[in-house]
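Report on one structure; see the data block that follows.
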Amino acid sequence: MSTDIFEGSDVIVKATVRKGKLKNADAAVVFFHDGTEKHREATSFANGKLEVTYTAPDVEDGANSYKLTMKIEYDGKEHRYNKTYIVWLKTVDITAKTENDKDVEGFHCNMVQKRKKTASPETDAAGKVTVDLVKPTKFTIKDLAPFSILEQKAPTDGRARELVVQRNFVAEFKNPTVADPNDPIKQNVNLVTADEGRDKKSNVIIFEVGAKDPADAGEGDVVNIEVKFGLESKRNSPVPKLLDEEDAEDVAMEDDGKLYKGLVRLKANAGPAKFKVDLGLAGGDTCEVRIGGTKDSVDDESLKFVNWRMLDYEVRYPQFMEAEMAEVDLAAGGKGRDFPEEMKRFADARLGKGFVEYKLLKSCAVADASVEAGTRVPAAYIGNDGAGDNYILTSSWLNSAGHFDPAADNRVNHVSVCHGAYSTYTTVESKTKTLKKKTGKLETTDLDEIFEFEPDSAPGTTNLTLRGWEAVITPADHMKATKLEFVAAGPEAGAVTAGTAQVVETTQTKDSDLDFVDPSPAPAPVAAPGVAPGPPPAPVPYTDVSPGDLAKIKAFLIDAMSDEPALRQNENTIKVKVITSGTTAEDNARFASIKAAVEAEFATIDKKIAFHPGLDDNGVARKGALDASWFDFTIKAWRVGVELGTRASAADPLLPGDFVGPKSDTTCPVKYKVRFKSTYAINGNSGGGSQLMVWRDSVPAPWSSTLCHELGHAMGMTAFDYPVPPGMDAAKNVDNGGPYYKNGSPQGGGLRGLHKGPHCAHGVSRRNLRDNKFKGKQGSCIMWGSGGNDDTRQNWCPTCEAYLRGRQLDDIRSGWAGRAAP
């Protein structure tokens, strides 16, 4: 049996000679430590008894105890003493340090001996304490909250115990704080932070963590960190990770980047420590950050995050549409107008599947007087119900100057709403129409198309090139005999010689002078020498027309009827008057003779020309320029009214409205030809930071798909035309196993003959995808190239959603060449 004693304890060795003669012999007591002689005490027996007191030396460094044994030497003999002692440490010197070798003041622990706590020492400012053991036996040092002993440095036995300790405490997030650990924080990773990401903006967050109760912690105490990433997207730039920055130590990656571990140490007075996490830029990627103040534990608190992207918009509308808009509170204060809640609810849900939030920044009502000329039209004009006015636009007409604020950054979209929108893609068509009445209509060949408007006058004009009009007439079918007309019943007095007259065509510069013979006898002829004189000429009555004058009259008539343009100008009539020297009885008699001679000679000529109001002066079908005022653009967007013009007075040239009608002697059909551009109605468009949206509150779900579709183009959808996000697979078109296509020819390489721009044909069968127009089948993705009033495009297809979630979305205004990253 052995006896446990403390170092420094007195051991008394006693011996008695019971038999023999050694009553007063010399002796020595030899002391052994763990079998090694350590001390020899000379003594002697007195009256047969011996007694020696020995103070047990301190336990040597690196040992907890030693075995003390003794023997007595006398008279050349030795005697093994029958008592054995185990000498134990009386005091223990404890030094407490952190893992980074800082002294830990206030470290307390339990000294346990024989399963009972015997002391609870606490270190001083230098991290040291000396402990007096209660029992001479072995001991252990046990953790005492809030501390954990991480390591006992060698030697692990002995008086000097150097402990690596960690103060155990409840760690908590100081910033950002935990509201509901099960409700992920929506982190808008495309926004610029003003608070190191703790304002729910930016993909990089600097966390501050500390002790829930600072009294439980101190400088250098460790907060353990564990960051788990979902990595739902393939986007790999920037890589989501726990960064080896700020106060982070021992950062290590596991599980192919899905798990990071590390730690931070608290500052002086248990001040918070910081670490930085990059969440990446992909929408929908998740992250959970867990912390703990106990070694190997991260169970104290956790924060969950899901990446979102925030886009803003300003909405612009004409004042007369305000009643259709919903009044809302603006985040910056004040009131604004937005899409009605039902419309916005569908849009938010569909954008939310791509982890995009679209938020109203501002609204602007354009005063009615400032609305673009020609864009305010009756509702019926574009086929809408109601008696009010509608607002129609194309992106090229839109005048946003002074209405939208300059974009605060490239995430801001300018949205204009209207009742009807039309594509800027146009087709050119020539059309010839024939009218048999003064009024008519011009329609596009396809009722789905409309004329392209240029709203520079109320309520609008079209992009018409007025080619001209022409009478539909065959001249040979309208040969008419020329008519003779005397402009007066008698002669007109004029400056002519007495006994003469003049015949004049009043509409032409043509005339003929006539001579009349005096009725007195003519003088007898004078014969030449040797020749008998002839008979005197017979007298001519002064009222008769001589043969010579008849010849003049005929020549005059032929000349007057030879100028066919002049005849047509005068309704195929020659108009004649007679001029004499006065209005005597003789002049009147002369007039009767001349008139009879003119009528007789006219009857022998039989002159016919092609004559009709539809023929011009040269006998050719009339033609001329169309006048824009003859066209009425206010009826329907796909129909133009026509009313052929008429002349203002009889002195003006004939216009087609003066003679248009069925074939007859006085009317004929008129054809006209125009060349025009036609376009088609759209639900919206997007580009360059602007979005155009047609107001369709009666079909909020399909409308929301249009909003998402047009915004999708601004966000880089589809990837057929735009770079893919880093780390993601290259986009595939319909000819190499993917869903994407765009309009173009020849067919192949993803080109098809429908839908301008890049679009997605997800939902069209593989067999139908081979057709140039997909055999008229409809795609089901939001990025399908057309929409209507049926809710057939409720979601992004998996391919489009993946690209959308992978987009950086800090710029939806710039061209791709100018964007910082995809």
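We number each residue from 1, following the sequence as shown.
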Under 30°, 30 to 60°, or over 60°: which ring-plane class applies to W784 and H755, parallel, tilted or perpendicular?
perpendicular
S416/S690 under side-chain contact (heavy atoms from CB on, under 4.5 Å): CA gap, chis, key distance, verdict:
CA-CA 8 Å; S416 296; S690 294; over 6 Å; no
Given the side-chain rings of H478 and F611, with only the six-membered ring counted for Trp, is the space between their centroids under 6.0 Å?
no
Any side-chain heavy-atom pair from N743 and R752 closer than 4.5 angstrom?
no
Which residue, F346, W703, Y358, forms the ring pair (Phe, Tyr, Trp, His ring centres under 6.0 Å) with F339?
W703
Give the C-alpha distance, both sets of side-chain angles, the deciding distance and a yes or no for ring-ring contact (aromatic ring centres under 6.0 Å, His included) between F676 and F451.
CA-CA 7 Å; F676 60 88; F451 292 104; 4.8 Å; yes
Who are the salt bridge (Lys or Arg N to Asp or Glu O under 4.0 Å) partners of D658, not counting sequence neighbours?
none
Do you know which two heavy atoms are closest between F631 and L626, and how far apart they sit?
CZ-CD1, 4.0 Å
Report yes or no: do N685 and E710 form a side-chain donor-acceptor pair below 3.5 Å?
no
Any chance the side chains of R696 and T706 put a donor and an acceptor closer than 3.5 Å?
yes
Give a yes or no answer on whether the side chain of N768 reaches the backbone of K777 with a donor-acceptor pair at less than 3.5 Å.
no
Check whether any side-chain heavy atom of V417 sits under 4.5 Å from a side-chain heavy atom of V315, and report yes or no.
yes
Nearest 0.5 Å please: distance from the CZ atom of R819 over to the CD atom of Q808.
10.0 Å
Does F720 have its ring centroid less than 6.0 Å away from the ring centroid of Y741?
no
Establish, yes or no, whether the cationic atom of R376 lies under 6.0 Å from the six-membered ring centre of Y391 and within 45° of the ring axis.
no
Between Q691 and Y313, is there a side-chain donor-acceptor contact under 3.5 Å, judged purely by atom types and distance?
no
Considering residues at least two apart in sequence or located in another chain, which fulfil the salt bridge (Lys or Arg N to Asp or Glu O under 4.0 Å) criterion with E342?
R345
With L311, which of N413, V412, N190 fulfils side-chain contact (heavy atoms from CB on, under 4.5 Å)?
N190
Side-chain contact, heavy-atom cut-off 4.5 Å: Y740 with Y803?
yes
Return yes if a side-chain donor-acceptor contact under 3.5 Å exists between W695 and E324, otherwise no.
yes
Would you say R622's side chain and P613's backbone share a donor-acceptor pair under 3.5 angstrom?
yes
Between K636 (side chain) and A380 (backbone), is there a donor-acceptor pair under 3.5 Å?
yes
Taking all atoms of both residues into account, what is the closest heavy-atom pair of T444 and I450, and its distance?
CG2-C, 3.9 Å
Side chains of R350 and S705 only: does a donor on one sit below 3.5 Å from an acceptor on the other?
yes
Rounded to the nearest 0.5 Å, how far apart are CG of L751 and OG of S745?
7.5 Å
Side chains of N570 and T573: is there a donor and an acceptor less than 3.5 Å apart?
no
Ignoring hydrogens and geometry, is there a side-chain-to-backbone donor-acceptor pair from Q794 to D791 under 3.5 Å?
yes
When you check the gap from the basic side-chain N to the acidic O, do D810 and R411 get nearer than 4.0 Å?
no
Looking just at side-chain N and O atoms, do N463 and E452 make a donor-acceptor pair shorter than 3.5 Å?
yes
Which heavy atom of W796 sits nearest a heavy atom of G712, and at what distance?
CH2-CA, 4.5 Å
For the residue pair T792 and D790, confirm or rule out a side-chain donor-acceptor distance under 3.5 Å.
no
Work out which heavy atom in N683 is nearest to a heavy atom in G787; give both atom names and the distance.
ND2-O, 3.3 Å
Grab the two heavy atoms, one from G785 and one from H709, that are nearest each other, plus how far apart they are.
CA-CE1, 4.2 Å
For V415, does its backbone N or O pair with a side-chain atom of R316 as donor and acceptor, under 3.5 Å?
no
Going by an N to O cut-off under 4.0 Å, is there a salt bridge joining D771 and K773?
no
Which pair of heavy atoms, one from H612 and one from S664, lies closest together, and at what distance?
NE2-O, 2.8 Å
When the aromatic ring centroids of Y672 and W630 are compared, is their separation below 6.0 Å?
no
To the nearest 0.5 Å, tell me how far K677 NZ sits from L464 CG.
11.5 Å
If you look only at pairs with a residue in residues 462-473, which of them pass as a salt bridge (charged side-chain N to carboxylate O under 4.0 Å, His left out), with sequence neighbours excluded?
none
